[in-house]
There are 2 protein chains.
Amino acid sequence: MDNTAAWAGLLRVHAALVPVLDQELQAAHGLPLTWYDVLLELNAAPERQLTMGELGAKAVVSRSRSSRVVDELTRAGLVERVANPADGRSAFARITTAGRARLRAAAPTYLAGIEAHFTSRMTAAEARTVATALEKVLKG
Amino acid sequence: MDNTAAWAGLLRVHAALVPVLDQELQAAHGLPLTWYDVLLELNAAPERQLTMGELGAKAVVSRSRSSRVVDELTRAGLVERVANPADGRSAFARITTAGRARLRAAAPTYLAGIEAHFTSRMTAAEARTVATALEKVLKG
DNA sequence: GCTAACTTAGTGCGTGCGCACACACTTTCT
DNA sequence: AGAAAGTGTGTGCGCACGCACTAAGTTAGC
């Protein structure tokens, strides 16, 4: 095993699992993975809201993509746009109660999928090491 | 740290690093990451050739996408299509000497990028654990 | 206070991607 | 041998995504 094995594994696991988890989530709750990710970030944020810039930085997708996802979520009633009183340029995306309910409903499916396809295939110690190692990569 | 941290880290590291490595590779050698991946698989295969089905299964991209990447690589002279004498439906994609040379030239850039952005941010032991854990995920 | 430089969000546009279909060939069954 | 089922490729099509540009608003400098 050479020193690129970790990176190669990451690429392949991502390619293999993302479509599976996305489809499971979409089949069970009509939520694409990007919607779930955005709702999750908004729900975790203070005041349950973020500007587009913050959202684009935290979420997996780009800022411009985030803007369009928020459009879709707004149409679905899961998110609402709120003017930022302190800065006329930016507007917050805030998760609605319907959005929180939808997120709570979908979470078990997603978590179960992660467990079934990912975490259960390794030991708990390995999972912790993977998490800390990848965390360090992001901090750099 | 909950038990989804490893998966969340994988998603974010993928989103953060793939564009960087792709652009480094493309700037230095005009090779998109998908080209590199396909060339790598072909080069490692017996007879340095694979059918589209095999390629789609091994590479990160889908079979249909592989077919088009092979088109592009053929136009660039890095791969050639070879008829399969044993099965008239399938055709092999075989890496050319020009393709091997291009791959060898690009490899140091890619490996250096992986080292700089990924492996160097963790200990050697962590890298090994990440590799074995992700390997097990793929086998399942 | 007025202007210039900067920041933030939205959008047109091109591109990469996989699904699903059609076609060609192979294998199996009678 | 002929028909039917199965398998491997290529391709039309639509979707998701990010870049680069524009408009609107804010901050800094004088």
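The basis for the numbers below is simple: all heavy atoms, side chains too, and nothing from hydrogens, waters or symmetry mates. Naming convention: chains lettered A, B, ... in sequence-line order (proteins, then strands); numbering from 1 in each chain.
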Quiz prompt | DNA chain C contacts made by residues 79-89 of chain B, counting heavy atoms under 4.0 Å | solution =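 The stretch gives B:Asp87, B:Gly88, B:Arg89 as the residues lying under 4.0 Å from the strand, ordered by number.
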Quiz item: Got a sec? Which of residues 28-61 of chain B come in under 4.0 Å of DNA chain C, heavy atoms?
Solution: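 The stretch gives B:Thr34, B:Val61 as the residues lying under 4.0 Å from the strand, ordered by number.
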Self-check item: Span of DNA chain D, from the first to the last nucleotide whose atoms fall under 4.0 Å of chain A heavy atoms
Solution: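 Both ends considered, the range comes out as D:dA16 to D:dT26.
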How would you list, by chain and number, every residue that makes a side chain to side chain contact (heavy atoms under 4.5 Å, CB included) with [X], sequence neighbours excluded?
{"X": "B:Pro108", "value": "none"}
{"X": "B:Pro19", "value": "none"}
{"X": "B:Ala45", "value": "B:Leu50"}
{"X": "B:Arg65", "value": "B:Val61, B:Ser62, B:Arg68, B:Val69, B:Glu72"}

Quiz item: For DNA chain D, whose closest nucleotide is more 5', that of A:Arg65 or that of B:Arg65?
Solution: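 Here B:Arg65 is the residue nearer the 5' end.
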Quiz item: Quick one: salt bridge (charged side-chain N to carboxylate O under 4.0 Å, His left out) pairs with a partner in residues 107-126 of chain B, sequence neighbours left out?
Solution: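 Non-adjacent pairs meeting salt bridge (charged side-chain N to carboxylate O under 4.0 Å, His left out): A:Lys136-B:Glu126.
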Self-check item: side chain to side chain donor-acceptor pair (under 3.5 Å): pairs with one or both residues in residues 6-21 of chain B, sequence neighbours excluded
Solution: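 Qualifying pairs: A:His14-B:His14, A:Asp37-B:Arg12, A:Glu41-B:Arg12, A:Tyr110-B:Trp7.
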Practice problem: Can you sort out the partners of B:Arg89 under salt bridge (Lys or Arg N to Asp or Glu O under 4.0 Å), two or more places apart, ordered by chain and number? | Solution: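 Scan of B:Arg89 (salt bridge (Lys or Arg N to Asp or Glu O under 4.0 Å), adjacent residues dropped) gives B:Asp87.
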Quiz item: Of all residues at least two apart in sequence or in a different chain, which pass the salt bridge (Lys or Arg N to Asp or Glu O under 4.0 Å) check with B:Arg104?
Solution: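 Expected list: none.
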Quiz item: If you find the nucleotide of DNA chain C closest to B:Arg63 and the one closest to B:Glu72, which residue's nucleotide is nearer the 5' end?
Solution: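 Comparing both residues, the 5'-ward one is B:Glu72.
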Ignoring hydrogens and angles, write down the donor-acceptor pairs under 3.5 Å from the side chains of residues 73-83 of chain B, residues two or more places apart or on other chains.
| from | atom 1 | to | atom 2 | distance (Å) |
| --- | --- | --- | --- | --- |
| B:Thr74 | OG1 | B:Val70 | O | 2.6 |
| B:Arg81 | NH2 | B:Ser67 | O | 3.2 |
| B:Arg81 | NH2 | B:Asp71 | OD1 | 2.5 |

Self-check item: Atom pair distance, as rounded to whole Å: CZ in B:Arg68 and C1' in C:dC19
Solution: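 It is 11 Å, rounded to the nearest whole Å.
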